[in-house]
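Step one of this worksheet: look at the structure below.
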Amino acid sequence: MPELPEVETVVRGLREPLAGRTIIAAAYTWPRGLVTPDGPIFSARIAGQPVRSVDRRGKYILIRLDPDTLLIHLKMTGRLYVVPDDSVQDADRWVRFTFQLDNAHQLRFSDSRKFGRVYLVEDPSEVTGRLGPEPLDESFTLEEFRQQLVRRSGQIKPLLLNQAFLAGVGNIYADEALFASGLHPLRRVNTLSEDEIARLYAAIQAVLQDGIQSQGASINWYRKPDGSRGQAQDRFQVYGRANQPCFRCGQPVSKIVVGQRGTHFCPACQR
DNA sequence: CGGACAACCTGGCGGC
DNA sequence: TGCCGCCAGGTTGTCC
């Protein structure tokens, strides 16, 4: 679920409930979800730190405290939301981390599959340092994309999923971007023309912006911080549409495995 | 460096 | 209904 548009939606939804708050305590029930620091240090260290801002880098959520930064990666099934202390409204069985706020509310990190990860560090670049560029950032230009692309080889789809190449694109938006640019997911990167690179660049930005506009895709686990569903899934052209007619040409959408990931594409429209 | 694959985990769903 | 196998949006490490 959570790729760039979903994480961005979560971040936007958390800014208001966390604004001006201080974390006064933290507790967790899944120790392996905490990467750093060690357990006893973590709870003691985070207590008393005020929230300064909530941001995103790739698929990481950065809650900038003072002096540390709390980073959370939702992985496949993570949810992050703020509710009153005594809230049991959603009977969420999968809450792994609870951050007590100073206004009788809690920031809760729920994660059924236990893939999510939590970090508390002085310098967030310790965690995000290896990430590639932000695809929606002004500094991510076509020229930079082209220069990075021509240094690579291999299949285009796995490259789009490589967070060190480009931060934030996951399996869904990779499939959608390749459809939008008319490129086959198995195309070798070094066979792309200038025109195709430009189409892909534009398509990546378009599908991500569209996803944010729709407040993320709630196919399965993803929910906005207020508990409601995003709408992006209603706009997908190929993802999750195996054997259904392509919206553009009517041919059935194919599903294959590329780099161990389910991959949807139109064999007629994508070359 | 590229690519294949296992591992980390649990829940949901289709099929029988 | 119940059980079983399969699949899942992410990332990392290992091996060839």
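Note on naming: letters A, B, ... go to the chains in the order of the sequence lines (proteins, then strands), and numbering restarts at 1 for each one. Just so you know, these numbers use all the heavy atoms, side chains as well, and skip hydrogens, waters and symmetry mates.
Set against dT11(C), dG11(B), dC7(C), the side chain of Lys75(A) has dT11(C) as its closest nucleotide. Distance from the side chain of Lys114(A) is smallest for dT10(B) among the nucleotides dT10(B), dG2(B), dT12(C). Taking every side-chain heavy atom of Lys255(A) into account, dC7(C) is the closest of dC7(C), dT12(C), dG2(B).
Applying the 5.5 angstrom centroid cut-off and the 30 degree plane-angle cut-off, the aromatic ring of Phe115(A) is not stacked upon the base of dT11(C).
Heavy-atom neighbours of Glu144(A) CD from other residues, nucleotides or ligands within 6.0 Å: above the threshold of 12. Atom CD of Gln244(A) has more than 12 neighbouring heavy atoms from other residues, nucleotides or ligands inside a 6.0 Å radius.
Taking the six-membered ring where tryptophan is involved, the planes of Phe97(A) and Phe99(A) are essentially parallel, since the angle between them stays under 30° and well short of 60°. Taking the six-membered ring where the residue is Trp, Phe42(A) and Tyr28(A) present perpendicular rings, their angle passing 60° and hence far from 30°.
Within 4.0 Å (heavy atoms only), Arg188(A) reaches sugar-phosphate atoms of the nucleic acid but no base atom. Residue Gln260(A) is in base contact, counting any heavy-atom pair closer than 4.0 Å across all strands shown.
Rounded to an integer number of Å, the gap from Leu186(A) CG to dG3(B) P is 10 Å. Summarising the geometry, the separation between CE on Met76(A) and P on dT12(C) is reported as 14 Å, rounded to the nearest angstrom. Rounded to whole angstrom, the span from the CZ atom of Arg261(A) across to the C1' atom of dT11(C) amounts to 9 Å. What separates CG of Asp111(A) from P of dA8(C) is a distance of 18 Å, to the nearest Å. Residue Asp175(A) contributes atom CG, which lies 10 Å from atom P of dG10(C) at whole-angstrom precision. We find that CZ of Arg130(A) is positioned 7 Å from P of dT12(C), with the value rounded to whole Å. Nucleotide dT11(C) holds its P atom 9 Å from the CG atom of Leu131(A), rounded to whole Å. As a whole-Å value, the separation of Ile61(A) CD1 from dG10(C) P is 14 Å.
Annotated stems with DNA chain B as a participant read B:2-8 with C:10-16, B:10-16 with C:2-8, given as range with range, by first number; only runs of 3 or more Watson-Crick or G-U pairs under 3.5 Å qualify.
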Throw together a table of side-chain donor-acceptor distances under 3.5 angstrom for residues 262-271 of chain A, partners on residues two or more places apart or in other chains.
residue: Thr263(A); atom: OG1; partner: Lys157(A); partner atom: NZ; Å: 3.0
residue: Thr263(A); atom: OG1; partner: Arg261(A); partner atom: O; Å: 3.0
residue: His264(A); atom: ND1; partner: Asp175(A); partner atom: OD2; Å: 2.9
residue: His264(A); atom: NE2; partner: Gly240(A); partner atom: N; Å: 3.4
residue: Gln270(A); atom: OE1; partner: Cys266(A); partner atom: N; Å: 2.8
residue: Gln270(A); atom: NE2; partner: Leu178(A); partner atom: O; Å: 3.4
residue: Gln270(A); atom: NE2; partner: Leu183(A); partner atom: O; Å: 2.8
residue: Arg271(A); atom: NH2; partner: Pro267(A); partner atom: O; Å: 3.3

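For the pair Arg241(A) and Phe179(A), the cation does not sit on the ring face, since its NZ or CZ is not both under 6.0 Å from the ring centre and inside 45° of the axis.
Residue Gln163(A) places no side-chain N or O under 4.0 Å from the OP1 or OP2 atom of dG10(C). Under 4.0 angstrom from either OP1 or OP2 of dT11(C) there lies no side-chain N or O belonging to Arg117(A). Contact between the side-chain N/O atoms of Trp94(A) and the OP1/OP2 oxygens of dG11(B) is found at a separation under 4.0 Å. For His73(A), a side-chain nitrogen or oxygen approaches OP1 or OP2 of dT11(C) to under 4.0 Å. Taking 4.0 angstrom as the limit, Arg32(A) places a side-chain polar atom (N or O) nearer than this to OP1 or OP2 of dC9(B). Applying the 4.0 Å criterion to OP1 and OP2 of dG11(B), one finds that Ser112(A) has every side-chain N and O outside that range. Under 4.0 angstrom from either OP1 or OP2 of dG11(B) there lies at least one side-chain N or O belonging to Arg93(A).
The separation of dC4(C) from dC8(B), taken at their C1' atoms, amounts to 22 Å, rounded to a whole angstrom. Look at the P atom in both dC9(B) and dC3(C): the space between them is 26 Å, to the nearest Å.
Using a 4.0 Å cut-off between a side-chain N of Lys or Arg and a carboxylate O of Asp or Glu, Asp68(A) and Arg52(A) do not qualify as a salt bridge.
Take the nearest nucleotide of DNA chain C for Arg113(A) and for Lys59(A): the residue whose nucleotide is more 5' is Arg113(A).
If you look at Tyr201(A) and Phe140(A), their ring centroids are closer than 6.0 Å.
As a member of the Ile/Leu/Val/Met/Phe/Trp/Tyr network built from side-chain separations under 4.5 Å, Leu161(A) groups with nothing else and remains a singleton.
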